[in-house]
There are 2 protein chains.
Amino acid sequence: MADTARRPDHRYGNRPTMKDVAARAGVGLKTVSRVVNGEPGVTPDTVRRVQEAIEALGFRRNDSARVLRKGRTASVGLVLEDLADPFYGPLSRAVEEVARAHGALLINGSSAEDPEREQELALALCARRVDGLIVIPAGDDHRYLEPEIRAGVATVFVDRPAGRIEADTVLSDSFGGARTGVAHLVAHGHRRIGFIGDRPRIHTAVERLRGYRAAMAEAGLPVDEAWVSLGSTEPARVRQAVAAMLSGPEPVTALFAGNNRVTVTVVRELAPRTRPVALVGFDDIELADLLGITVIAQDAAALGRTAAQRLFRRLDGLHDAPERVELATTLVPRGSGELPPA
Amino acid sequence: MADTARRPDHRYGNRPTMKDVAARAGVGLKTVSRVVNGEPGVTPDTVRRVQEAIEALGFRRNDSARVLRKGRTASVGLVLEDLADPFYGPLSRAVEEVARAHGALLINGSSAEDPEREQELALALCARRVDGLIVIPAGDDHRYLEPEIRAGVATVFVDRPAGRIEADTVLSDSFGGARTGVAHLVAHGHRRIGFIGDRPRIHTAVERLRGYRAAMAEAGLPVDEAWVSLGSTEPARVRQAVAAMLSGPEPVTALFAGNNRVTVTVVRELAPRTRPVALVGFDDIELADLLGITVIAQDAAALGRTAAQRLFRRLDGLHDAPERVELATTLVPRGSGELPPA
DNA sequence: GTGAAAGCGCTAACAA
DNA sequence: TTGTTAGCGCTTTCAC
C-alpha cells in the first residue's frame, strides 16, 4: 500500500534521499544535511533522531549530487599503459596512497599503448570532472587536453613527457640510466653491444637508445646499426632481434634491454644458449636477484608518488610554471652485466 | 568587461555549460543536448552550428550532472588488497577490459588487507553510486553491504568468499590446488612436507592448508604441527618459518608455499642452501620457468573477467540466486617440485 | 537551532 | 525540428 505512493521516478534502485530521512525524522531537509556532514548547530537530540532515521532507511548520501553542487569530485584519474604490467602496479598504488591521504579516490584506465584510447580515456575522466589527471602518455600530441587544463583540470605527466603542450612532468632519467648501463658493459670489456628497445614512438625508448649511443661514443666504439633494434615488446619480435644480433661472423657479446618486458624475453632466450652473453636490463624485475640479472632500476612508486604530490599541490592552488622532475636510476650489478666477452 | 558579467558562482573552473553553448549557437538548451548525445531529429545545419559553438567554447559535457539525472554512473568499483601485488594487476586489468566493453569506468581501491579500510572504501564507492562493486575481501563480515545490495548495487566477491551475506562469488579452487600440489610432492617420495601460508584470517590460506592436510591424510602421512606455519607474508616471518622447518633432527624435505609472496621468499631462502629442498608454490610467478619453480597456477585474469561478466549480467537485469564459481588451478611442473627427498 | 527556496548542469516529458 | 519546463539529490543562502 504505502509502497505504491512512492515516486515512480525514483532512481538508484529506490534509494532513500535526504528528503526521505527528513520526513521520517520529522525535521527539515537541511537539518539532515547538517547531521550527515557533521556540521555544528544541531541539538544532540535532533542529531539522534536523524541518525535513527538514517539507520532505519539505510540512507547513504549521494555523492553524485554533492559533486554537482560543490564542483569538486574528490577524485583523480590515472591513465596508464597497462595495469597488468608489473611496472605500473606499484606506480598506481603510490598514486592511490597520495590520493587517499587527500581524501580522493582514484579512477584508473589503461590505454593499451593506443593514443586514441589514451585520449578517449583522458577525456572521459575529464567529463567525470576528476579534479586532476595523471597521464602516462601513449601518444605524442596532448593538445586535446588544452581546453581541460585551461578549465582547471590539474594535469601531470609521468614516465614520458607530454607532447606539444607545457605541463608538469615526472620522469626517470632514461638517458642517464641507459648510458650508465652500457658504460658498465663497456667497462667489462665489451665492444660489440646490442640494444633492444621499445617502439620508437615511445619517448623512453628513444632516450634510452640515446643513452646507449652516448656511452658507445664516449668509449670511442662504433655502432653497427644491426646492433640496434626498436619495436614492439612482443616476445616473438624480441626473440628475433636477439637471434639476429647473436648470429653472423661478428655477433654482439653483450645486450642492453630497453625495458622490463624486453629483459624477460631476452633472459628466456639466452638461458638455453651455451655461449655466455652479458646483459643489462632497464627496470628491475622480481626475482632478478636470483637469476643474477644486472639492471638499471627505476623506482616506479617514487614516480607515482612524486607525480601525485605535484598534482595535489596544484589542486591546493599552486600556480607556478610547469615543472619537469627527473628521478635518478640505480645500477644494480648482479652478475649478468659483469660477464666478460665470450 | 564581458567577463565581469559572468556568473560569479560558476564551478569547475568556469567551464562552459550546455546553456552557454546554446546561447552562443542561438539554439535551445535541449538542442545542444541532442547534438552532444548524437540524438536524431536535428537539422544538419543546426548540428554544425552547435558543434562550432562547442568547439569554440571548449565545452565538455558534465557527466556528474548527467549521472544525477540518469541514475546510472557507468562506473564500477573494485576493492582489492594491493594493486602493487603482481597477482592483482592482471585481475584488475581484466575487470577493466570487461567494464570498458560495457562502456563503464573502473574505480580502484586498495584495502591493504585491512577490513576497516575495505569497508570504508566499499561504502565510499557506493556513495559515488557505482553501478556495481567487485570486492576482494579483507574482512570476514560484509553485512555492512546489505543495505547497498538491497538498494541495487550489484556486488560480486572474488578470490575470497563474502562473510555472513549471500552474494555472487568467484574463487580459485584453493583446496583442490593445494591438495594436488602436496600430492605431487608425496608422489615424488616426500613424507615430511612443510606448509607456509598467509594469515589464518584469510580464507584462501585456510583452504590451502585444508588441501595440504587432505593430501597428507590421503597418503596416510602424519602431520607434525611444527610443519605448519600460517601468518604474515612478511619476508622475515617466512624466513623464520623456513629456518625452523629445516632445522632439527627431522627436517622437512619439501615445502608447499601458500601464495606468490611466500614462494618468492622461500625461493630466496632456499637458494644459498646446499641440501636440496623440494618446493611447490601456489600462484605462478614471472620468470618462475627460468628458476625451475613448480607451481599451482591460478588465472588471475580469468578470475577478474569472470567476476566482471557476472557483475554486468546482474546489471543487465539477471535476478537468479547468488552463484559461486570455482575456477580450476593448474599444476605446472618445472623442477623444484620434482626433486626427490634429500 | 532550524528550515524554505534557489540552483548546480543535465535529461525526460511534453508542447509548440 | 525545436524549445520549455520540471526535477535528479544535494549544498548554499538567507530568513526565521
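In this text the structure is predicted, and so the values were computed from the model without any measurement.
- Using a 4.0 Å cut-off between charged nitrogen and carboxylate oxygen, E81(A) and R160(A) count as a salt-bridge pair.
- Between the CZ atom of R69(A) and the P atom of dC10(D) there is a distance of 13 Å, rounded to whole Å.
- Atom CZ of R128(A) is separated from atom P of dG9(C) by 18 Å (rounded to the nearest Å).
- With dT2(C), dC8(D), dC10(D) as the candidates, the nucleotide lying closest to the side chain of L68(B) is dC8(D).
- H142(B) and Q119(B) form no side-chain donor-acceptor contact under 3.5 Å, judged by distance and modelled atom types alone.
- Close to dT1(D), at under 4.0 Å from its OP1 or OP2, lies no side-chain N or O of T31(B).
- Following rounding to the nearest Å, L29(A) (CG) and dT12(D) (C1') show an atom-to-atom distance of 12 Å.
- When rounded to the nearest whole Å, the span between NZ of K19(B) and P of dG9(C) equals 9 Å.
- With salt bridges taken as basic N to acidic carboxylate O contacts below 4.0 Å, none links D316(B) and R313(B).
- By the 4.0 Å N-to-carboxylate-O rule, R100(B) lies too far from E96(B) to be salt-bridged with it.
- Looking at heavy-atom distances under 4.0 Å, R34(B) makes contact with a base.
- In the interface, the side chain of R129(B) is not paired with the base of dG9(D) through any donor and acceptor atom under 3.5 Å apart.
- Taking side-chain N and O atoms only, T46(A) has a distance below 4.0 Å to OP1 or OP2 of dT2(C).
- Between the CD atom of E39(B) and the P atom of dT11(C) there is a distance of 8 Å, rounded to whole Å.
- Comparing dC10(D), dG9(C), dG3(D) by their nearest atom to the side chain of K30(B) picks out dG3(D).
- In this structure, M18(A) atom CE and dA4(C) atom C1' are separated by 16 Å, rounded to whole Å.
- Side-chain N/O atoms of T43(B) include one lying less than 4.0 angstrom from OP1 or OP2 on dT2(D).
- Under 4.0 angstrom from either OP1 or OP2 of dT11(D) there lies at least one side-chain N or O belonging to N37(A).
- Each of dC10(C), dT11(D), dG9(D) was ranked by its minimum atom distance to the side chain of R66(A); first place goes to dT11(D).
- A salt bridge does not link K70(A) with D63(A): every distance from a Lys NZ or Arg NE/NH1/NH2 to an Asp or Glu carboxylate oxygen is 4.0 Å or more.
- Proximity note for R61(A) (side chain, C-beta onward) versus dT11(D), dA12(C), dT2(D): the nearest is dT11(D).
- In terms of phosphate contacts, S33(A) brings a side-chain nitrogen or oxygen within less than 4.0 Å of OP1 or OP2 of dT11(D).
- Regarding D20(B), its CG atom lies at a distance of 11 Å from the P atom of dC8(C), rounded to whole Å.
- Following rounding to the nearest Å, D63(A) (CG) and dT11(D) (C1') show an atom-to-atom distance of 12 Å.
- The phosphate of dT12(D) (OP1 or OP2) has a side-chain N or O of K70(A) nearer than 4.0 angstrom.
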